[in-house]
*Asks:* 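Let me begin by handing over the structure; questions about it come next.
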Amino acid sequence: MSTPRPVDVVVIGAGQAGLSAAYHLRRIGLTPVDAGGAETFVVLDGDAAPGGAWQHRWASLRMATVNGIHELPGHPVPPADPESASRDILPAYFADYERMFDLRVRRPVRVRAVRREDDDPDGRLLVQTDAGDWSARYVVNATGTWTSPFIPRYPGQERFRGRQLHVADYVSADEFAGKRVIVIGAGISAVQLLEEISHVAETVWMTRREPQWTDEVFDEPARIAAVAGVEERIRRGLPPASVISVTGMHWTPWAIAARERGVLVRHPMFASIEEEGVRMADGTFIAADAILWATGFRPALRHLAPLGLRTPKGGIRASRSRALDEPRLFLVGYGPSASTVGANRAGRAVARAIRSALRERRERAA
């Protein structure tokens with residue numbers, strides 16, 4: 001077993017949140033571990049190439065229709081044809097960003113576990129990976145959600161003879177041409193893919209609850225109130241709420257298009273799944289060739305399990321992106337910082353908190 005390599009900060013993940021944190025660590029004076037310097041950081045990313053989750057998005061997700069792009073700090077998104085695929089434009093932008101600020105991301109590196117090295121609350125955290133271990137004073141977790149798709153369990157799910165897939169597995173509508181597809185979910189992706197697939201296939205849209213559509217503008221006061229609500233949930237150790245539960249369902253261009261074409265017809269969820277389709281609560285049967293689960297994602301936090309931070313309510317208690325029960329751990333892109341703009345702000349705040357903590361360490365050692 002190799003000796004863990006010492007570093008001041010390990011950043012796990014090189015999506016929007018991880019790169020933002022690394023940028024701000026650079027700004028406060030930390031340097032990549034192999035660049036020399038008194039205080040260092042390293043960024044570990046599980047993907048083989050830059051781009052975070054954007055490189056895995058479906059081809060039809062264009063720059064004109066992608067939801068929630070926000071530039072990384074210090075470098076604007078370059079002009080692009082609105083019809084360009086986001087998975088082509090944004091990974092190249094991320095790669096350029098890593099080079100521009102010399103972030104020296106190490107990839108592909110899979111983090112297997114984060115654990116305490118000993119019982120000293122002021123000691124180090126051990127970050128175990130498939131490419132060697134690291135001994136860190138602080139860990140910034142920025143693993144997002146893309147690698148943790150959520151599919152709810154229903155009776156008979158394993159009996160279905162058609163295809164079941166999550167949004168994370170979606171490629172294009174063409175693979176469903178001429179088929180009947182059940183699209184499940186009330187989020188932006190569900191409605192967008194419903195509209196897209198309905199051009200080439202028969203679609204049935206199902207949600208657990210009746211959608212609550214709103215024409216209200218999600219303005220700055222509404223955004224602040226929503227973020228405050230999510231922040232309070234995280235502080236109490238509750239799981240992060242879905243975007244729709246906070247903002248409501250807005251009339252996006254694809255939602256309007258689906259409504260005008262008569263395909264935005266919501267059905268309640270089925271009671272069970274059978275070999276050739278689904279059985280509704282009233283006993284009626286709906287045949288299907290495929291079931292697309294647009295049911296969201298969960299935070300990818302399994303590697304943090306050895307720290308024992310998950311509450312009985314299912315979340316990790318945190319405030320201002322810092323774990324309340326393990327102050328050496330920061331969670332960027334979790335809860336209120338899950339949006340791209342939120343991740344940028346959290347990256348800056350986390351870097352400042354780490355700078356203060358490192359300064360206190362130096363003063364105690366002097």
Side-chain angles (χ1 to χ4, degrees), residues 57-68 82-87 149-152 154 156-157 160-218 242-297:
R57 304 278 182 167
W58 53 94
S60 61
L61 188 61
R62 309 295 177 180
M63 294 296 287
T65 57
V66 70
N67 181 62
E83 292 305 308
S84 297
S86 62
R87 71 178 188 181
F150 172 70
I151 297 179
Y154 278 86
Q157 208 155 5
F160 186 60
R161 292 175 181 167
R163 183 184 178 193
Q164 291 189 67
L165 71 160
H166 190 273
V167 165
D169 307 308
Y170 180 81
V171 177
S172 74
D174 294 340
E175 56 190 326
F176 302 106
K179 300 183 183 298
R180 175 182 279 182
V181 182
I182 296 176
V183 179
I184 301 170
I188 293 172
S189 295
V191 176
Q192 184 174 356
L193 296 185
L194 172 74
E195 200 282 327
E196 182 173 306
I197 295 171
S198 67
H199 286 275
V200 299
E202 182 182 354
T203 55
V204 181
W205 181 38
M206 295 184 177
T207 67
R208 282 197 307 130
R209 301 185 183 90
E210 185 72 40
Q212 300 298 312
W213 295 97
T214 178
D215 292 315
E216 294 181 5
V217 177
F218 193 57
S242 69
V243 174
I244 292 301
S245 68
V246 174
T247 66
M249 294 184 65
H250 288 75
W251 286 106
T252 59
W254 46 88
I256 294 171
R259 180 183 62 183
E260 292 177 347
R261 292 178 42 249
V263 298
L264 195 67
V265 179
R266 179 261 179 184
H267 298 269
M269 281 300 295
F270 46 73
S272 63
I273 302 175
E274 300 180 8
E275 288 87 347
E276 306 296 337
V278 299
R279 184 72 60 179
M280 305 300 288
D282 64 2
T284 59
F285 179 78
I286 298 178
D289 300 296
I291 299 174
L292 174 60
W293 298 93
T295 43
F297 299 79

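All values below come from the heavy atoms of this structure, side chains included, with hydrogens, waters and symmetry mates left out.
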*Asks:* Before you tell me yes or no, could you show the steps for F176 and L165 under side chain to side chain contact (heavy atoms under 4.5 Å, CB included), namely the whole-Å CA-CA distance, both residues' side-chain angles and the distance that decides it to 0.1 Å?
*Replies:* CA-CA 12 Å; F176 302 106; L165 71 160; 3.8 Å; yes
*Asks:* Any idea how W213 and W251 line up, ring-wise: parallel (<30°), tilted (30 to 60°), or perpendicular (>60°)?
*Replies:*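 Parallel: the ring planes of W213 and W251 meet at under 30°.
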*Asks:* Would R163 and E175 count as a side chain to side chain contact (heavy atoms under 4.5 Å, CB included) here? Give the steps.
*Replies:* CA-CA 11 Å; R163 183 184 178 193; E175 56 190 326; 2.6 Å; yes
*Asks:* To the nearest 0.5 Å, tell me how far S189 OG sits from R57 CZ.
*Replies:* 6.5 Å
*Asks:* Has E196 got a side-chain atom pairing as donor or acceptor with S172's backbone, closer than 3.5 angstrom?
*Replies:* no
*Asks:* Checking side-chain contact (heavy atoms from CB on, under 4.5 Å) against W205, which of I182, V181, V191 comes through?
*Replies:*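 So, applying the side-chain contact (heavy atoms from CB on, under 4.5 Å) to W205 and each of I182, V181, V191, only V191 qualifies.
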*Asks:* If only side-chain N and O atoms count, and only distance matters, is there a donor-acceptor pair under 3.5 Å linking W293 with T295?
*Replies:* no
*Asks:* Is there a donor-acceptor contact under 3.5 Å from the side chain of D289 to the main chain of G162?
*Replies:*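 Pair absent, no side-chain N/O of D289 close to backbone of G162.
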*Asks:* Please round to the nearest 0.5 Å and tell me the distance separating atom CG of L292 and atom OG1 of T203.
*Replies:*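 The CG atom of L292 sits 11.0 Å away from the OG1 atom of T203.
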*Asks:* Under 3.5 Å, side chain of Q164 to main-chain N/O of Q157, donor-acceptor pair present?
*Replies:*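 Confirmed, Q164 side chain pairs with Q157 backbone.
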*Asks:* Give, for atom CD1 of I197 and atom CD of E202, the distance between the pair rounded to the nearest 0.5 Å.
*Replies:* 13.0 Å
*Asks:* Could you tell me the separation between the CD1 atom of I291 and the CD1 atom of I273, rounded to the nearest 0.5 Å?
*Replies:*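 I291 CD1 to I273 CD1: 4.0 Å, rounded to 0.5 Å.
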*Asks:* What are the two closest heavy atoms between P149 and A168, and how far apart are they?
*Replies:*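 Shortest heavy-atom contact: CB-CB, 4.4 Å.
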*Asks:* Can a donor-acceptor pair be found, under 3.5 Å and without considering hydrogens, that links the side chain of Q212 to the backbone of E210?
*Replies:* yes
*Asks:* In Å and rounded to the nearest 0.5 Å, what is the CD to OG1 distance from E195 to T252?
*Replies:* 9.0 Å
*Asks:* Taking atom CZ of R209 as the centre, report whether more than 12 heavy atoms of other residues, nucleotides or ligands fall under 6.0 Å from it.
*Replies:*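 Atom CZ in R209 is not packed in, count stays at 12 or less.
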*Asks:* Rounded to the nearest 0.5 Å, what's the gap from CZ on F285 to CD on E276? Could you check?
*Replies:*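 CD of E276 is found 6.5 Å from CZ of F285.
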*Asks:* If you compare all heavy atoms of R261 against all heavy atoms of S198, which two are closest, and at what distance to 0.1 Å?
*Replies:* NH1-OG, 3.0 Å
*Asks:* What pair of heavy atoms forms the shortest contact from G277 to F160, and how long is it?
*Replies:* N-CE1, 3.8 Å
*Asks:* Which heavy atom of G185 sits nearest a heavy atom of A190, and at what distance?
*Replies:* O-CB, 3.2 Å
*Asks:* Are H267 and V278 packed together at the side-chain level, in the sense that at least one heavy-atom pair is separated by less than 4.5 angstrom?
*Replies:* no
*Asks:* For W254 and I188: C-alpha separation, side-chain torsions, deciding distance, then whether side chain to side chain contact (heavy atoms under 4.5 Å, CB included) applies.
*Replies:* CA-CA 9 Å; W254 46 88; I188 293 172; 3.5 Å; yes
*Asks:* Counting only N and O atoms by type, is there a donor-acceptor contact under 3.5 Å from the side chain of R266 to the main-chain atoms of T207?
*Replies:*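 Such a contact is found between R266 side chain and T207 backbone.
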